[in-house]
Structures are given as structure tokens and as C-alpha cells.
Chemist: 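Below is one structure. I have some questions about it.
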There are 2 protein chains.
Amino acid sequence: MNQNTITSISERQTLSDQVFHDLKEAIIKGDLAQGSKITEDEIAKQYGISRGPLREAIRRLEGLRLLVRKPHAGTRVVTLTHSMMEEIYTVREALEGMSARLAATRMSDDDIGELHQLLKKHESTIDQSQGKEYFQREGDLDFHFRIAQASNNQWLMDLLSSELYQLLRMCRHRSSQTPERPLRALQEHKQITEAIAQRDPELAELLMRRHISGAWKIVKDILDNESIEKDTQP
Amino acid sequence: MNQNTITSISERQTLSDQVFHDLKEAIIKGDLAQGSKITEDEIAKQYGISRGPLREAIRRLEGLRLLVRKPHAGTRVVTLTHSMMEEIYTVREALEGMSARLAATRMSDDDIGELHQLLKKHESTIDQSQGKEYFQREGDLDFHFRIAQASNNQWLMDLLSSELYQLLRMCRHRSSQTPERPLRALQEHKQITEAIAQRDPELAELLMRRHISGAWKIVKDILDNESIEKDTQP
DNA sequence: TAACTATAAATTGTCAACAATTAGCTTTTA
DNA sequence: TAAAAGCTAATTGTTGACAATTTATAGTTA
């Protein structure tokens, strides 16, 4: 977690920008645990900067809902509760549904071609790395990111990629823990891509929404089981 | 809705919070013109504070997309372009559609009763104050705000009330400029309320989305006409 | 022992001075 | 005249010290 990890390229426009990006990654990767306190002095020393720029970064992360601040009391890393995850998936369903709808009209033929190629790559990845959940997760987000881009709506893209997706990445519980899931997801991705290729906005939106609400049901089950384990084990 | 009501009393938790709320109102009300530059020294003196807390407030407003910053160059009030408004209405359609869908299931009977009362009040307001667009606008937002609340989804509420609605309030162009519009809108509000009262999520979402995309078409026409006037007149 | 108060320590909030960068202006040169 | 280079002024970025508030601790009392 030292400042010398992969932080490196951190566009060094300003210290505030740097520490903003670095902290963001640290939170998403879990280097800063959920619910843990952000002690300004401590973090500032860690990054070798003063508290001024750090506080500005904190305020921006607060805006992204990655940090929660209580005036005078302190700032903590957000805790992803069960109900919060449900809320996020609900918002995501609405936004990505719209995203897919727009993509069906606006995505270029070339980009649709690339989408097909991406799916092929995913297919072979699933065959090989049965257990490597990480790549599957990133691949999944990659697919969704491209559709968000194709919506050609800056707001949609921003909300999804710089807010919701980050929070999803924070949630370590992979929906791919069940071995059938990746294949199922791939099938659904194919269907969505097909609807876009056929320029059918209604269908694209319908399938995307079904895809996401389905994903939530899986995640929800996993979370439920975990909380039961936690209640009975310790 | 706490932070958006009577900001005047600026909850004086911290200076940063105060100036955040005050600046937000100033931007929304147009006291700070769109595209105008935020000179830190100037604003700081104006509020009688130092630049530290001000800069924190600026970063938060940046997160709300009310300010746009260029490193080392300065910060400006966002300019609501035609295409940006279209993007906002698109996002709004997705989020409010979902909001209405959830409200149909989750809104309490009491709250539905209050919603009916609100509509009655609007009806009488329309009869009386034919021209007073301001109240009609606020009444419209009030209706939408209540449905967002009924969704019982903190994320939806936040995104809508503390981001999108603020930007809509910045857009001075009232869709009620055409005299038929307020009545039409009221009718649509009644239909949506009815769908919620009948606990019909599908219909509630459908009607809400239609309502918002219809509103955008009106606004769009107004904006188009204005830009034509601007091109030919000066 | 439990609860309450008061004090001390730790942490956040604020400030004013200083450093770094950019934008605009003047001057120089082809 | 036009373009380029260098300088000046204005603005943003950063810092460390100081003030205000909260939390933890210890001591007192019922």
C-alpha cells in the first residue's frame, strides 16, 4: 500500500489529484478496509504531503460515495451493506438498461464487431481459467463498460464507470463463485449483443435489465449465506 | 432533502459546509452565471473566509457537476448546453422510471393520500396563477421528489434530488411556457399517481418515462427556438 | 459498582504566508 | 507587420502553525 505500488503513472497534475487517484484505488482494492477510519495526519505523512491537498481529495471521494464524513468526528471508508448493494444494483439496472437501449441505436458497426470479438475471448477464457474469478469479473465489467460508452451519453458513462462500477469492484463476492454462472452470463451477454446488432432498443434494454437483476439475485444469495455463516461461526 | 430546503440558515457545522450550500444556491439561482469564473480570492473575501474551506467546497461542487475545474487554470460554473440537457433528461428518465416502479410497491397508503392532496393543490394553483411559472416548476419538482422518496432507495433519492433536480432548476426555460403544458403535466401526474395507487409497477414506470421524455421534447423545442433567435438577432 | 463530570489528548477545522504555474503583455526580431 | 521569446502580474497549489471540537480517560459521587 506504500505510495510506490502501481500508483506510479498517477497523472501528477496536482498533489490533490494524485492522492485522490491513489486513495481511490486503495479503497477499491481493499487496502483500506471498509469502515476503517481515515486519519488525516496519518495518511498525509504516508503520502508525504500536507493535509490541505489531502482534504480536497477526501471531499472528492466523499462525492463519489467512497468515503463517509461526519463533521468534526472524522471520515471513514464506506461500508457496503446488504441493503446498499441492493440499492446499487437497482440503480445499475435502470442506468444500464437505458445504456443498452441507446447503444442499440448509436453503437457503430465496428464497435459491435469488437464486442463480438470480446465475447469470443471471454468464451475461451472461461474454458481455460475455470477458477480465476478475477479475470472473469474484469471481463464482465469490460463488457458493460463498452456498452456504457456506446450510449454516447457522458452522464451515463460517468455515473456507471466512475461510481457504480467502482463500488461493484469493492464487493469481493464474485457472482462467478458458482461454476455455472460465468457460462450463463456469457450467454446473456451474447443475447444482449445480438439485440444491439439487430438494432432493437426495446429488446436490448429488456435483456440488460433481466441480466442485471439476475446477477443481483446470485450476489444476494451469496451475501445471505455469508451473513448466516458469520452469525453462527464466530 | 435537508440540504436543499432553506439553505439560508446554513447549518453552521463547518465553514466549508456553509459556503458549499451557499455557493450551490448561488449557482442554481443564477447569481453566479453559467460559465463564469470562480476566482478563489474573490469568493473567499466575499464570504469572509480563507481559501482552505472554500477549496474544499469547490471540490464537492465539482463532484456534483456544478463546477468544472481545469488544473492550474481555474474553476468555472458549468454551462448547460443543449446536448448536456438531453443527457440529463435521458438519465432522469431511467432513474425516475425505476423510482416510480419501486414507489408502486413501496409507497405507504398515507403517502399516496398526501400525493393526491398535493395534486389537488396544484390544480387550484394552475387555475389561479396562470403565469407564475416559478410555483408550477417547484410544484412539479415537489411531485417528482416525493416519488423519489417513496422508492425508499437512498441512491436514487440522492442522485435525483441532489444532482439532477438541481441542474433542472438551473435551466430557467420553463416547460410551462406553453399555456397548455401545466394542465397536460397535471393530467400525467394524476395518471402516474393512479398507477401507484393501484400498485401497478409496470404501468407506473411506463407512464413516468413517457412523462419525462415528453417534457424533454417541449424543453428541446424551446431551446431550439432560442438558439435560432440568438443566431439571427444580435 | 455504576453513572456522571471534568480534564487531557487526539483529531479535525481554519488561517495566512509561501511556492509554482499560467496567462497576458511587452519587447525583440525576421 | 507578424511571429516568437521573455518578462510581469495574477491566480492556483501547498504548507505548517494555530483554533475549535470531539473522544477517551480518570476521578468523584451516589
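Every chain is numbered from 1, with letters handed out A, B, ... down the list of sequences.
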Chemist: Please name the pair of heavy atoms, one in B/Ala150 and one in B/Arg106, separated by the smallest distance, quoted to 0.1 Å.
Modeler: O-CB, 3.7 Å

Chemist: Looking at every strand, decide which applies to B/Gly52 at a 4.0 Å heavy-atom threshold: base, sugar-phosphate, or nothing.
Modeler: nothing

Chemist: Just checking, any donor-acceptor pair under 3.5 angstrom between side chains of B/Gln166 and B/Arg169?
Modeler: yes

Chemist: Mapping A/Pro71 and B/Pro71 onto DNA chain D by nearest heavy atom, which one lands closer to the 5' end?
Modeler: B/Pro71

Chemist: Let me know the distance between CG of A/Asp17 and C1' of D/dT14, rounded to the nearest Å.
Modeler: 13 Å

Chemist: B/Lys70 NZ to D/dG13 P: how many Å, rounded?
Modeler: 13 Å

Chemist: So, B/His122 versus B/Asp140: side-chain donor-acceptor pair below 3.5 Å or not?
Modeler: no

Chemist: Which whole-number value in Å describes the distance from A/Lys45 NZ to D/dT14 P?
Modeler: 19 Å

Chemist: In terms of side-chain heavy atoms of B/Lys37, which of D/dT23, D/dT11, C/dT11 is nearest?
Modeler: D/dT11

Chemist: Rounded to the nearest angstrom, tell me the gap between atom CD in A/Glu40 and atom P in D/dT22.
Modeler: 15 Å

Chemist: Please determine whether a side-chain nitrogen or oxygen atom of A/Arg55 lies at a distance below 4.0 Å from atom OP1 or OP2 of C/dC15.
Modeler: no

Chemist: B/Arg69 side chain: which of C/dT14, C/dA23, D/dG13 is closest?
Modeler: D/dG13

Chemist: Nearest to the side chain of B/Arg59 - D/dG13, D/dT22, C/dT14?
Modeler: D/dG13

Chemist: With sugar-phosphate meaning primed atoms plus P, OP1 and OP2, does A/Ser16 contact a base, only sugar-phosphate, or nothing at under 4.0 Å between heavy atoms?
Modeler: sugar-phosphate

Chemist: Could you check how far CZ of B/Arg51 sits from C1' of C/dA17, rounded to whole Å?
Modeler: 11 Å

Chemist: In terms of side-chain heavy atoms of B/His72, which of D/dT14, D/dT23, D/dG13 is nearest?
Modeler: D/dG13

Chemist: Let me know the distance between CG of A/Asp41 and P of C/dG13, rounded to the nearest Å.
Modeler: 13 Å

Chemist: Step by step, work out the salt bridge (Lys or Arg N to Asp or Glu O under 4.0 Å) result for A/Arg59 and A/Glu62.
Modeler: CA-CA 5 Å; A/Arg59 286 318 198 294; A/Glu62 201 190 334; 3.6 Å; yes

Chemist: Which whole-number value in Å describes the distance from A/Glu42 CD to C/dT12 P?
Modeler: 10 Å

Chemist: From the list C/dT14, D/dG13, C/dT11, which nucleotide is the closest neighbour of the side chain of B/Leu15?
Modeler: C/dT14

Chemist: Within the 4.0 Å heavy-atom criterion, would you say A/Ile38 contacts the bases, only the backbone, or no part of the nucleic acid?
Modeler: sugar-phosphate

Chemist: Nearest to the A/Pro53 side chain among C/dG13, D/dT15, C/dT21, which nucleotide is it?
Modeler: D/dT15

Chemist: Which whole-number value in Å describes the distance from B/Ile49 CD1 to C/dA16 P?
Modeler: 11 Å

Chemist: Please verify the inter-ring angle class for A/His211 with A/His144; under 30° counts as parallel, over 60° as perpendicular, anything in between as tilted.
Modeler: parallel

